[in-house]
Amino acid sequence: MPAITLPDGSVRRFDAPVTGTALAAEIGPGLARAALAMKRDGKLVDLSSEIAEDAAIVFVTRRDPDALSLIRHDAAHVLAEAVQELYPGTQVTIGPAIDTGFYYDFHRNEPFTPEDLPAIEARMREIVARNAPFVRQEWDRDAAIAFFQARGERFKAELIRDLPQSETISLYSQGAWLDLCRGPHMRATGDVGTAFKLMKVAGAYWRGDHRNPVLSRIYGTAWRDQKELDAYLHMLEEAERRDHRRIGREMDLFHLQEEAVGSIFWHPKGWRLYRAVESYIRRRLDAADYQEVRTPQLVDRSLWEASGHWDKFREHMFVAQVEDENKVLALKPMNCPCHVQIFRQGVRSYRELPLRMAEFGACHRYEPSGALHGIMRVRAFTQDDAHIFCTEDQVAAETARFVALLASVYRDLGFADFRVKFSDRPALRAGDDTVWDKAEGALIEACRLAGVEYTTNPGEGAFYGPKLEFVLRDAIGRDWQCGTLQVDYILPERLDAEYVGEDGVRHRPVMLHRAILGSFERFLGILIEQHAGRFPLWLAPVQAAVATIVSDADGYAEQVAAALRQAGLTVALDLGREKINAKVRAHSVAHVPAILVVGRKEAEAGTVALRRLGGEAQEVMPLAAAVARLAAEARPPDFTAGSHGLADHHS
RNA sequence: GCCGACGUAGCUCAGUGGUAGAGCAACUGAUUCGUAAUCAGUAGGUCCGGAGUUCGACCCUCCGCGUCGGCACCA
């Protein structure tokens with residue numbers, strides 16, 4: 001005898017179980033037409049399912065954001081049906097909804113190619129037009145396994161076999177087509193609508209394991225209506241325009257070439273950007289009581305054996321040998337073992353802790369070729385690395401301190417939003433469980449202290465300790481780990497770091513591995529995409545352009561440029577003979593934040609016409625005023641008004 | 001590393017089994033002009049590399065390398 005509470009608070013009572021379909025019909029014909037599914041006590045279920053007990057019901061219509069995942073999941077089923085109609089013998093596996101759409105993984109001897117997509121998409125539209133109802137069936141486990149086995153669907157059979165015994169085995173049919181699926185679905189294939197598009201094909205391992213067969217994955221995107229689809233496609237085009245590889249070329253920041261795969265050739269303008277960020281970080285670290293060091297690039301194998309890296313990561317290390325010596329050296333893949341060597345010089349006292357040792361450490365890692373991506377994932381990179389040697393009691397406070405510093409740096413560089421992930425012990429690890437218990441506990445406690453919200457990544461920690469990862473997002477929505485904080489009880493033990501405590505006895509310090517940017521290369525890639533190349537003045541590689549209208553103003557333009565340079569700005573002087581329109585366009589396209597136009601009037605009056613990138617207005621003002629304004633704006637955000645140190649940042 | 005696609009001028013891209021093309025950029029000349037492209041001309045190519053098929057290969061085949069999109073990896 002269900003009593004059903006609706007969103008408006010009203011309650012409807014029924015003498016017998018009632019389906020969502022019937023309930024919607026009773027409320028009104030409009031709702032009956034619009035309802036795609038419903039939420040029963042907050043859980044999304046089929047509209048056709050029966051409500052037998054008291055429940056709160058909310059109907060989901062196309063306007064509801066929840067409709068997106070339903071549309072996408074249903075679209076995946078439609079895709080699978082289309083593929084099996086067109087390519088008999090193809091096996092289905094799984095096909096979930098994702099952030100921007102859906103995909104389906106198929107097993108087929110011939111992988112799909114992009115040329116196959118139009119035909120598949122056309123068939124999908126036919127299936128949507130058929131508007132076949134989704135019908136849920138519950139099956140006996142063995143019968144379901146036998147059914148899929150008999151159809152040659154060995155992946156589906158394996159999936160069912162691995163489902164927990166408690167799980168109900170449900171299948172959904174749409175017309176003649178049938179698939180294992182937990183549900184829920186909408187009413188019929190027609191509810192998918194027409195705002196979808198197949199995007200790309202890709203290879204993917206069965207169950208995400210590289211030892212398994214490669215499946216052929218088809219990605220699609222699906223939205224509630226054409227307007228949303230168009231907006232998404234437009235967003236992708238915009239994102240392509242801000243791709244750091246494109247902007248890097250257009251703004252002449254860097255290049256990559258075959259002879260140095262995974263290493264970057266930084267051009268003068270790109271290096272200026274790099275140095276602006278590096279100088280900024282260096283100042284922030286100085287201010288936060290870090291001590292900068294510099295350690296060797298090539299280090300003997302014995303140190304890597306002692307640290308444990310040789311065992312676990314040898315195949316990812318670049319190894320160097322010389323003919324005369326019987327030694328094996330490795331280019332350092334990370335800085336920590338070297339920092340411990342500095343810590344170990346002399347006898348350390350507890351009074352020195354926490355000791356924060358920083359390095360802009362140039363590291364090399366032999367990354368798998370398929371992982372390389374522009375300047376975001378390279379084989380030669382520089383970390384804004386530091387290791388904090390501290391006592392166990394100091395871990396939480398140091399973590400909180402670090403998170404505050406990181407948040408402030410991210411804010412200054414234009415990243416208000418970032419996400420935090422907590423990764424705990426991996427299967428392959430050093431150290432026993434009591435140590436891991438302690439390390440994980442300390443990190444969790446530190447997060448609580450610092451007020452950091454995080455999601456958990458089970459089993460994703462480093463081999464020597466758990467970690468926090470600070471994740472930023474690129475132009476097309478891919479996540480990249482930038483900052484990190486890792487608690488390490490293992491390395492101090494392995495490399496025998498110790499300090500003398502208040503009690504006069506030797507103790508092991510705890511090491512916190514931490515980075516804010518992560519690698520400069522990756523971070524600059526994200527920074528370029530974040531700003532689409534239109535950097536704030538303090539980061540812009542060329543901060544101002546001085547452009548003349550007539551050649552009579554050349555002499556004055558040189559004075560203007562000199563005055564700007566005197567104030568520490570990087571200036572492009574444009575005395576070319578093109579029209580001012582062409583000059584303004586050229587510097588705008590080059591993303592120069594300030595364009596100072598001078599003609600006869602300005603030369604006579606000692607003024608400049610200042611135009612800001614992206615704006616259409618010009619402001620005529622005395623030269624000194626323009627210089628003062630731009631110089632002030634070019635001051636890095638960590639400089640308070642009247643602060644010294646301009647010499648440092650414009651070097 | 002795996003699956004797929006791609007690789008032609010500095011950049012963006014056409015192109016055909018029979019002498020390699022455009023726009024922009026560059027360079028030269030003319031133009032002195034008031035805020036997102038002035039006009040004309042010139043130059044520019046190991047068509048990613050290697051092998052093969054062919055009378056003849058930028059094009060077809062094979063092998064490499066690189067890039068791109070995913071997957072896997074990311075101390």
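On a predicted model such as this, the values are computed, not experimentally measured, just so you know. Proteins come first, then strands; the chains are lettered A, B, ... in the order of their sequence lines, and each starts at number 1.
Residues satisfying the side-chain hydrogen bond (donor to acceptor under 3.5 Å, both in side chains) test with A:Q486, not counting sequence neighbours, are A:Y464, A:T484. With sequence neighbours excluded, the residues satisfying side-chain contact (heavy atoms from CB on, under 4.5 Å) with A:V571 are A:V546, A:A561, A:L564, A:R565, A:L569. Listed by chain and number, the residues in a side-chain contact (heavy atoms from CB on, under 4.5 Å) with A:Q559 are A:Y556 (sequence neighbours excluded). Residues forming a side-chain hydrogen bond (donor to acceptor under 3.5 Å, both in side chains) with A:W223 (at least two apart in sequence, or on another chain): A:T221. For the ring-ring contact (aromatic ring centres under 6.0 Å, His included) test, residues two or more places apart in sequence or in another chain that qualify with A:F254 are A:W266. Residues forming a side-chain hydrogen bond (donor to acceptor under 3.5 Å, both in side chains) with A:E305 (at least two apart in sequence, or on another chain): A:R301. With sequence neighbours excluded, the residues forming a side-chain contact (heavy atoms from CB on, under 4.5 Å) with A:P333 are A:W304, A:M317, A:R365, listed by chain and number.
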Where protein sits on nucleotides 66-75 of chain B, one letter per nucleotide: B base, S sugar-phosphate only, - none, heavy atoms under 4.0 Å: SSSBBBBBBB
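Contact detail for A:K583 and A:L575: the closest heavy-atom pair is NZ-C, 3.9 Å. The two residues A:E315 and A:Y366 have their closest heavy-atom pair at O-CD2, 3.8 Å.
Under 4.0 Å is where a charged nitrogen must lie from a carboxylate oxygen, and between A:K438 and A:D432 no such pair does.
Within 4.0 Å of A:K601, counting heavy atoms only, lies at least one base atom of the nucleic acid. Within the nucleic acid shown, A:E602 comes within 4.0 Å of at least one base atom, counting heavy atoms only. Nucleic acid contact for A:R600: base, since at least one base atom lies under 4.0 Å from a heavy atom of the residue.
With C1' as the reference atom, B:C73 and B:G17 are 44 Å apart, rounded to whole Å. Here the separation of B:C63 from B:A14, taken at their C1' atoms, is 29 Å to the nearest Å. Taking the C1' atom of each, B:A25 and B:U32 are spaced 24 Å apart, rounded to whole Å. The same atom, P, is picked in B:G18 and in B:A43; the two are 26 Å apart, to the nearest Å. Comparing the same atom, P, in B:G50 and in B:C13 gives a spacing of 25 Å after rounding to whole Å. The separation of B:U54 from B:G64, taken at their P atoms, amounts to 23 Å, rounded to a whole angstrom. Separating the P atom of B:A40 from that of B:G70 is a span of 43 Å, rounded to the nearest Å. Here, B:G4 and B:U16 have their P atoms 26 Å apart, quoted to the whole Å.
At B:A36, one or more side-chain N or O atoms of A:N581 fall inside 4.0 Å of OP1 or OP2 (strictly under the cut-off).
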Scan the side chains in residues 586-593 of chain A for donor-acceptor partners under 3.5 Å anywhere in the protein, sequence neighbours excluded, and list what turns up.
unit_1	atom_1	unit_2	atom_2	d
A:H587	NE2	A:D574	OD2	2.8
A:S588	OG	A:V584	O	2.7

Just distance, no hydrogens or angles: give the donor-acceptor pairs under 3.5 Å from side chains in residues 600-607 of chain A, sequence neighbours left out.
unit_1	atom_1	unit_2	atom_2	d
A:R600	NE	A:D552	OD2	3.2
A:R600	NH2	A:D552	OD2	3.2
A:E602	OE1	A:G599	N	2.9

Which pairs, protein N/O on one side and nucleotides 13-16 of chain B N/O on the other, fall under 3.5 Å?
none

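Searching all strands for a Watson-Crick or G-U wobble partner of B:C33 with both distances below 3.5 Å returns nothing.
One atom, CD1 of A:I218, and another, C1' of B:C3, lie 13 Å apart when rounded to the nearest Å. Going from atom CD1 of A:I580 over to atom P of B:U38 covers 11 Å, rounded to whole Å.
Residues from residues 544-554 of chain A with heavy atoms under 4.0 angstrom of RNA chain B, sorted by number: A:I549, A:V550, A:S551.
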